[in-house]
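For the single chain, residues carry numbers from 1 onward in sequence order.
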Amino acid sequence: KQNFEEVDLEDIVLTLFEKYTKKISIDLNIEDEEYIIKGDKTLLKIAISNLIENSIKYGATKLEITLKKGKNKITLSIKDNGIGIPKDKLPFIFDEFYRVDESRNKKVKGFGLGLSIVKSIITLHNGNIKLISEENKGVEAIIKFYCQK
């Protein structure tokens with residue numbers, strides 16, 4: 001955390017929008033606010049990119065990215081229309097090396113490290129992440145960054 005500086009989450013989201021809009025349809029919902037947190041811009045980009053890449057890997061054709069400011073927090077939501085995650089698998093999704101079901105994922109390469117890395121990065125930034133999902137109805141990642149004094 002010693003290298004943390006002021007980072008604009010909106011800038012990161014817009015940069016990633018530019019990068020991924022050729023691969024997937026993205027709707028942005030960003031209120032006219034300032035979304036500044038103390039953090040590491042590179043790590044935050046890695047975390048958010050990983051969530052977008054997962055959506056693409058698991059069949060999403062559309063994303064909805066929302067940025068909202070609350071009293072003491074900033075909420076970033078990334079919602080997709082991919083294959084989703086079965087409810088019984090959600091508690092393990094952030095565990096290292098965990099993959100939902102090898103038979104479903106034969107075409108999808110990976111080691112099951114992405115979401116554990118995402119969670120570590122978000123935690124390092126005084127935030128938390130949760131996934132809401134229904135099989136065949138997509139996944140919504142909700143990240144809350146709590147404002148540091």
Side-chain angles (χ1 to χ4, degrees), residues 1-21 23-100 108 110-149:
K1 287 190 174 186
Q2 60 268 32
N3 295 327
F4 276 17
E5 57 193 18
E6 286 196 346
V7 176
D8 187 342
L9 287 172
E10 184 176 4
D11 273 356
I12 293 172
V13 168
L14 293 174
T15 298
L16 294 174
F17 171 81
E18 298 263 327
K19 178 180 178 181
Y20 288 106
T21 196
K23 292 183 181 181
I24 189 168
S25 169
I26 303 173
D27 288 340
L28 290 180
N29 301 309
I30 302 175
E31 295 173 355
D32 191 19
E33 294 280 350
E34 274 200 347
Y35 298 99
I36 307 292
I37 64 167
K38 290 247 186 250
D40 181 310
K41 189 173 190 172
T42 302
L43 289 177
L44 289 164
K45 263 190 197 172
I46 289 168
I48 298 165
S49 287
N50 190 292
L51 293 169
I52 294 170
E53 292 278 347
N54 277 358
S55 291
I56 294 167
K57 268 201 271 191
Y58 291 99
T61 56
K62 186 173 181 144
L63 281 180
E64 187 177 320
I65 300 176
T66 303
L67 206 46
K68 275 189 183 163
K69 191 168 189 173
K71 189 171 181 161
N72 293 314
K73 69 181 180 261
I74 294 172
T75 303
L76 171 64
S77 163
I78 301 170
K79 187 175 187 170
D80 72 36
N81 66 346
I83 63 171
I85 303 165
K87 285 207 185 321
D88 62 328
K89 308 293 185 187
L90 278 172
F92 311 104
I93 205 72
F94 293 110
D95 295 353
E96 283 186 11
F97 305 111
Y98 184 78
R99 303 214 41 215
V100 170
V108 179
F111 296 101
L113 289 171
L115 288 176
S116 69
I117 292 168
V118 168
K119 185 173 175 83
S120 296
I121 292 170
I122 300 305
T123 302
L124 182 67
H125 287 83
N126 197 32
N128 65 35
I129 180 171
K130 86 175 175 183
L131 297 183
I132 299 170
S133 182
E134 213 175 307
E135 212 168 350
N136 301 314
K137 295 207 175 151
V139 176
E140 181 177 14
I142 300 169
I143 304 167
K144 293 184 180 173
F145 295 100
Y146 296 93
C147 300
Q148 298 122 324
K149 302 284 182 247

Does the side chain of [Y] come within less than 4.5 Å of [X]'s, by heavy atoms?
| X | Y | answer |
| --- | --- | --- |
| V139 | L51 | no |
| I117 | N50 | no |
| I24 | I26 | yes |

What residues, two or more places apart in sequence or in another chain, satisfy side-chain hydrogen bond (donor to acceptor under 3.5 Å, both in side chains) together with Y20?
E53
Please enumerate all residues that pass side-chain hydrogen bond (donor to acceptor under 3.5 Å, both in side chains) together with T66, with sequence neighbours excluded.
N29
Side-chain (S77) to main-chain (I65) donor-acceptor, under 3.5 angstrom:
no
As an exercise, state the distance from [atom1] of [X] to [atom2] of [Y], rounded to the nearest 0.5 Å.
| X | Y | atom1 | atom2 | answer |
| --- | --- | --- | --- | --- |
| L67 | L28 | CG | CG | 9.5 Å |
| I129 | F145 | CD1 | CZ | 8.5 Å |
| N128 | I122 | CG | CD1 | 9.0 Å |
| K57 | I83 | NZ | CD1 | 11.5 Å |

Review item, side-chain donor-acceptor pairs of residues 6-18, under 3.5 Å, at least two apart:
unit_1: D8; atom_1: OD1; unit_2: E10; atom_2: N; d: 2.9
unit_1: T15; atom_1: OG1; unit_2: D11; atom_2: O; d: 2.8

Side chain to side chain contact (heavy atoms under 4.5 Å, CB included) test vs L131 passes for just one of I142, I78, L115, namely L115
May I have all residue pairs that pass salt bridge (Lys or Arg N to Asp or Glu O under 4.0 Å) and include part of residues 58-80, sequence neighbours excluded?
D27-K62
What orientation do F4 and H125 show, parallel under 30°, tilted 30 to 60°, or perpendicular over 60°?
parallel
Are more than 12 heavy atoms, taken from residues, nucleotides or ligands other than E31, located less than 6.0 Å from that residue's CD atom?
yes
Nearest non-hydrogen partners of S133 and G138, listed with the distance:
OG-O, 2.9 Å
Once salt bridge (Lys or Arg N to Asp or Glu O under 4.0 Å) is applied, do any residues pair with K137, and if so which ones, sequence neighbours excluded?
E134
Ignoring hydrogens and angles, write down the donor-acceptor pairs under 3.5 Å from the side chains of residues 39-48, residues two or more places apart or on other chains.
unit_1: D40; atom_1: OD1; unit_2: T42; atom_2: N; d: 3.0
unit_1: D40; atom_1: OD1; unit_2: L43; atom_2: N; d: 3.0

